[in-house]
Amino acid sequence: MIPATFTYRRAESADHAVVLVGEHGDEAKLLAGGHSLLPLMKLRLAVPEVVVDIGRVRELSFIRDLGDQVAIGALTRHHDLENSALLARELPLLAHAAGQVGDPQVRHRGTIGGSLAHGDPASDLPAVVLALEATLVARGPNGTREIAAADFYRGLFETALEPDELLTEVRVPKPAGAGWSFQKFTKRAIDWAIVGVAAQGDKVALVNMGPTPLRATAVERALADGASVEDAAQRAAEGTEPPADLNAGPAFREHLARVLVRRALEESRA
Amino acid sequence: MGTRVVRVEDPRLLTTGGTYTDDLREPELTGAAYVTFVRSPYAHARITGVDVSAARGVPGVVEVLTGQDTDDLPAPADGNPTAEPMLAKDAVRYVGEPVALVVTDGRYQGEDAADLVTVEYEPLPPVVDLEDALRGETLLFPESGSNVLAAAQDEGAGDDAFAACEVVVEHTIVNQRVAPVPLETRAAAAAWAHDRLTVWVSTQNAHWARDAVAGGLGIDPSAVRVITPDVGGGFGAKIGADREGVAVAWAAKRTGRPVRWVETRSENLVGMTHGRGQRQTFKIGGTRDGRITAYRLDLVQDAGAYPRMATLLATLTKSMASGVYDIPHVEAYFQVAATNTTPVAAYRGAGRPEATAAIERAVDMFAAEIGMDPREVRRRNFIAPDKFPHTTPGGMEYDTGEYAAALDRVLAAAGYDELRAEQARRREAGDPVQLGIGLSAYVEITGGVPEIGETARLVVHDDGTVTVLTGSSPHGQGHATAWAMLVHDELGIPMDKITVRHGDTDAIPVGIGTFGSRSLQLGGTAVHQAALEVKERAKELAADELEADKADLEFDTADGLWRVRGTPDIGLDWGRLAQLAGSDGLAADVHFTSDKSTFPFGAHVAVVEVDAETGKVRLVRHVTVDDAGPVLNPVLAEGQRQGGIAQGAAQALLEEVLYDAQGNPVTSTLVDYPFITATELPSFELVDMATPTPLNPLGVKGIGEAGTIGATPAVQNAVVDAVSHLGVRHIDMPTTPERVWTAINEARTGQ
Ligand SMILES: Cc1cc2nc3c(=O)[nH]c(=O)nc-3n(C[C@H](O)[C@H](O)[C@H](O)COP(=O)(O)OP(=O)(O)OC[C@H]3O[C@@H](n4cnc5c(N)ncnc54)[C@H](O)[C@@H]3O)c2cc1C
């Protein structure tokens with residue numbers, strides 16, 4: 001429960017952070033809210049030599065209305081997402097889902113950038129940005145690039161970010177009034193989802209149904225072809241690779257995906 | 001008695017905070033080094049070599065000690081083959097077993113140095129589940145010839161009794177292993193000076209900890225002083241001192257340097273003893289009109305890797321097998337099996353929850369089989385109130401009990417008939433969220449070896465204040481409040497002038513401690529009797545001083561003055577009486593013992609909602625009667641019931657310690673071990689009932705474990721009840737969503 005020795009560096013700005021990780025490459029880890037990284041370090045499952053703390057980089061904490069999009073800084077805490085009037089109006093799915101993350105302590109520390117960059121398929125916000133078809137903005141030694149959420153997740157805890165890149169913001173298109181729903185199935189209120197479903201209109205994404213967050217493409221296709229909610233939801237597990245763990249085996253997860261997708265679509269259309 | 005007094009402990013705990021073992025800044029601990037344990041990564045292996053040279057070379061390392069260094073310690077009594085060593089020397093028998101320890105200047109250095117201790121292991125096949133243990137292909141203790149550490153074997157004595165039954169139901173259920181998870185993990189600190197050890201340890205009983213340290217180190221108990229600071233929960237798993245606590249004391253003595261140790265949560269989840277861990281096969285038989293005539297319980301108790309208290313647990317389950325029921329034929333058997341897992345010991349209820357869980361499931365399954373309301377079956381089989389004291393087939397002598405009254409009262413409070421009507425409505429409507437109503441009726445045994453009793457010393461000081469020295473040992477219960485109330489009741493001295501001291505073996509030479517729901521009935525009675533003795537002595541002193549006859553003296557508890565009847569102007573207060581007592585002091589010493597245990601009882605009703613599509617269970621109401629006799633302070637008694645119910649519900653709904661096939665613990669963090677939180681629980685509805693026992697002058701029984709014992713089967717029965725109309729007969733605990741969903745599927749497809 002005590003991390004291995006590491007060097008601590010504090011970034012004063014986003015550019016400074018890029019410089020610092022550039023200096024140390026693979027040996028460095030960015031530290032945002034620390035609520036995923038520090039537990040791993042305490043268990044010595046993560047053993048970075050250098051920790052670059054971006055916790056005080058204020059310029060990365062914002063929620064801005066860009067007209068047809070909302071831009072959210074990577075260091076915005078879950079608590080701020082949950083309580084943003086702008087998000088409540090324009091992206092209620094994101095605000096609501098952020099309020100379902102862990103407990104109040106976790107929501108006051110954890111950040112959207114950390115949540116997205118960590119690449120845990122059991123996390124809530126990655127599926128939400130998938131359903132919302134957001135764009136992620138990364139800054140590296142060679143400048144800035146944009147990555148579509150659909151291209152961001154590569155595998156279990158694996159993203160399109162390079163080790164020397166910093167996720168700076170998320171740009172989310174405003175969904176223009178379509179209904180939404182977030183279904184999170186847990187044993188306890190504080191838990192990660194055993195299975196989760198984020199629905200925005202007829203776009204549906206799944207939490208914890210494979211090594212990455214997934215779009216429920218079979219469901220979306222069925223809906224586009226005019227299938228009923230009931231019938232479309234039956235296809236929720238198609239193309240998924242649900243894990244087996246202490247909470248559930250694959251068969252139960254597949255069943256949950258079907259039930260929760262149906263409930264999500266019913267709620268988003270109600 | 002019966003007054004709602006707020007806890008005197010709380011202002012300090014809620015403002016400046018408690019002083020737990022790791023918070024201690026005593027002068028004796030100045031410059032203390034830190035102990036870090038090296039623990040086995042294997043469930044079962046032979047140790048073929050230990051190399052500490054790399055660890056020794058690290059800056060900050062004071063000492064590295066291994067099993068090889070323990071030769072100066074006493075050998076286990078008469079070569080006991082199953083003895084648990086302080087540090088494993090030849091073999092390891094569970095993941096997390098202490099193999100070595102490092103003493104370092106800093107806490108962080110300890111973890112790095114521990115990584116550098118190289119232990120060579122030759123892995124042996126692990127014995128993980130009970131079937132493997134009983135098969136005995138691999139033995140944990142080859143010299144003992146079997147993995148069965150103790151047994152009372154099934155003789156099938158009652159086969160005739162079952163043959164005569166109209167209905168017989170037989171089933172095997174699991175009472176799963178759970179972790180106690182006290183908020184404060186285990187901790188100890190020790191200093192060796194002037195040929196004496198002072199040991200601070202987070203324990204439920206300082207005196208047993210002292211004896212464990214003295215015995216383990218082969219020194220005289222008088223050379224050990226144990227002090228217990230604030231203790232953040234124990235639940236039975238902090239009785240005495242574990243091997244780590246003894247090792248910490250040993251490290252202080254070996255190095256001559258004060259040392260301290262506090263375990264991490266992950267260490268706690270594998271190093272502290274677990275509870276429960278029984279596989280139970282029951283057979284219950286009777287008539288179609290609901291009379292139970294025969295019951296058999298055959299259980300296997302998982303002992304874990306060493307025989308700590310497992311045989312005691314199994315024995316208690318056996319003794320209490322028939323619960324609140326008057327069953328003509330009862331038989332119970334057990335085998336206690338060693339496995340390569342963390343040792344199992346007491347956990348809130350220790351053996352009695354397991355007995356209650358078995359018979360309460362059995363009664364519900366019997367009721368389902370004959371198609372009768374489980375309330376009705378219980379009513380037809382309770383031991384009648386006129387049969388007390390009542391000796392059970394298991395040899396227990398129940399003192400007092402009003403079992404039917406307890407059930408009626410809780411059912412009335414719950415609105416049982418309306419709940420059943422609501423359940424019927426939802427069933428008819430095919431509501432995806434079904435309602436389940438679960439009952440349990442229980443009796444349990446409290447007093448925790450009453451023959452050894454408990455001590456109290458009460459001293460009145462010259463300034464009219466009082467010190468109570470108690471051999472009992474609080475770890476969250478509120479003894480300071482309760483003991484002060486008992487003294488105040490008799491002596492009229494304000495609560496804020498009464499100081500309660502506990503947990504210091506120098507100040508209190510004899511004491512037993514807190515476990516088995518024993519404190520008020522033994523320790524409290526001792527305090528009460530000490531107050532009465534002081535009062536008697538005071539009367540003599542007052543009579544002398546006032547030159548009156550003892551019979552003419554009056555004591556007024558309202559103002560705490562002694563007067564001669566008819567002369568209201570002249571009164572003696574406690575301070576004056578203490579002065580008059582002179583060098584003798586105004587004090588009393590009591591060691592109260594009882595030759596009999598008490599038997600609290602009660603009934604619980606749990607109401608759950610089960611999402612029949614996803615299997616998710618929500619406990620929506622929990623209503624209880626927990627009758628432990630007259631209540632000294634409802635605030636304290638309700639606190640015990642609330643916490644107990646929460647832990648009982650946790651076992652039914654969520655918690656389970658799990659190992660993989662290699663014996664690796666897979667629930668060693670609080671992410672993986674889903675211990676219950678307030679968000680999963682409703683406010684409990686506590687109904688009063690108080691039936692006194694004649695076994696002590698206060699008439700009280702124990703309340704510490706009752707909630708847990710009653711809650712688990714009520715919640716489990718409620719979950720099964722919610723889906724019984726779908727054909728489900730039983731669901732093992734914890735009743736997780738996947739289990740409930742699987743049970744519904746299996747019932748539907750007729751598997
Ligand atoms: C008790 C508990 C319960 C939780 N429950 C949930 C839950 O229910 N649902 C859920 O979704 N999550 C849950 N979490 C996780 C929580 O939301 C984390 O805070 C979040 O996943 C990570 O955000 P962070 O800011 O803490 O990231 P950190 O832990 O600081 O970092 C995580 C990873 O992301 C990298 N990183 C961080 N910021 C950036 C950046 N700007 N650019 C590039 N890389 C970056 C880090 O290097 C690290 O590898 C829980 C955590 C805890 C401790």
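In what follows, chains are A, B, ... by sequence order, proteins preceding strands, each numbered from 1.
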Peer 1: Quick one: closest heavy-atom pair of A/Leu246 and B/Val666, and the distance?
Peer 2: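 Result for this residue pair: CD1-O, 3.5 Å.
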Peer 1: Show your reasoning for whether side chain to side chain contact (heavy atoms under 4.5 Å, CB included) applies to B/Thr614 and A/His255.
Peer 2: CA-CA 8 Å; B/Thr614 64; A/His255 167 75; 5.5 Å; no
Peer 1: Who in residues 730-740 of chain B is close to chain A, using a strict under-4.5 Å heavy-atom cut-off?
Peer 2: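 Listed by number, the contacting residues are B/Thr736, B/Pro737, B/Glu738.
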Peer 1: Quick one: of A/Asp103, A/Thr5, A/Thr186, who has the most non-hydrogen atom pairs under 4.5 Å with chain B?
Peer 2: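 Counting heavy-atom pairs under 4.5 Å, the top option is A/Thr186.
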Peer 1: Please indicate whether B/Leu183 has more than 12 foreign heavy atoms, meaning atoms of other residues, nucleotides or ligands, lying under 6.0 Å from its CG.
Peer 2: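 Result for CG/B/Leu183: open.
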Peer 1: Please flag which part of B/Arg618 lies under 4.5 Å from any non-hydrogen atom of chain A: side chain, backbone, both or neither.
Peer 2: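 Neither; nothing under 4.5 Å.
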Peer 1: With distance as the sole test, does B/Glu111 use its side chain to make a donor-acceptor pair with the main-chain N or O of A/Pro3 at under 3.5 Å?
Peer 2: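 Flag not set: sc B/Glu111 to bb A/Pro3 has no pair under 3.5 Å.
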Peer 1: B/Glu613 versus chain A, heavy atoms under 4.5 Å apart: side chain, backbone, both or neither?
Peer 2: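 Both parts, backbone and side chain.
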Peer 1: Non-hydrogen atoms of chain A under 4.5 Å away: do they reach the side chain of B/Val671, the backbone, both or neither?
Peer 2: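 When you check distances to chain A, atoms from both the backbone and side chain of B/Val671 fall under 4.5 Å.
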Peer 1: Which residues in residues 652-659 of chain B have any heavy atom closer than 4.5 Å to a heavy atom of chain A?
Peer 2: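 Hits under 4.5 Å: B/Leu654, B/Leu658.
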Peer 1: Side chain from CB out, backbone as N, CA, C, O: work out which of these in B/Asp611 comes under 4.5 Å of a heavy atom of chain A, or both, or neither.
Peer 2: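 For B/Asp611, the contact with chain A is made by the side chain alone.
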Peer 1: Using heavy atoms and a sub-4.5 Å threshold, report which of residues 256-268 of chain A line up against chain B, by residue number.
Peer 2: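 Answer by number: A/Leu256, A/Val259, A/Arg262, A/Arg263.
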Peer 1: Between atom OG1 of B/Thr185 and atom CE of A/Met1, what is the distance when rounded to the nearest 0.5 Å?
Peer 2: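 The OG1 atom of B/Thr185 sits 10.0 Å away from the CE atom of A/Met1.
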Peer 1: Is atom OH of B/Tyr108 surrounded by more than 12 heavy atoms (other residues, nucleotides or ligands) closer than 6.0 Å?
Peer 2: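 Incorrect, the count does not exceed 12.
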Peer 1: Considering only heavy atoms, give the residues of residues 188-219 of chain A separated from chain B by less than 4.5 Å, sorted numerically, with 'none' for an empty result.
Peer 2: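 Under the 4.5 Å heavy-atom cut-off, A/Arg188, A/Ala189, A/Trp192 qualify.
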Peer 1: Does any heavy atom of chain A fall under 4.5 Å from the side chain of B/Leu670, the backbone, both, or neither of them?
Peer 2: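 Contact with chain A: backbone only.
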Peer 1: At a 4.5 Å cut-off on heavy atoms, which part of A/Asn247 comes close to chain B: side chain, backbone, both, or neither?
Peer 2: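 Backbone of A/Asn247 only, per the 4.5 Å heavy-atom cut-off to chain B.
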Peer 1: Let me know if A/Arg44 has heavy atoms under 4.5 Å from chain B in its side chain, its backbone, both or neither.
Peer 2: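 Side chain only.
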Peer 1: If you count every heavy atom of other residues, nucleotides or ligands that lies below 6.0 Å from A/Glu23 atom CD, does the total exceed 12?
Peer 2: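 Atom CD in A/Glu23 is crowded, with more than 12 foreign heavy atoms closer than 6.0 Å.
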Peer 1: Count the heavy atoms of every other residue, nucleotide or ligand shown that sit under 6.0 Å from CD of A/Gln105, and state whether that count exceeds 12.
Peer 2: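 12 or below, so no.
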Peer 1: What part of A/Ile2 lies closer than 4.5 angstrom to a heavy atom of chain B: side chain, backbone, both or neither?
Peer 2: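 Both parts, heavy atoms under 4.5 Å.
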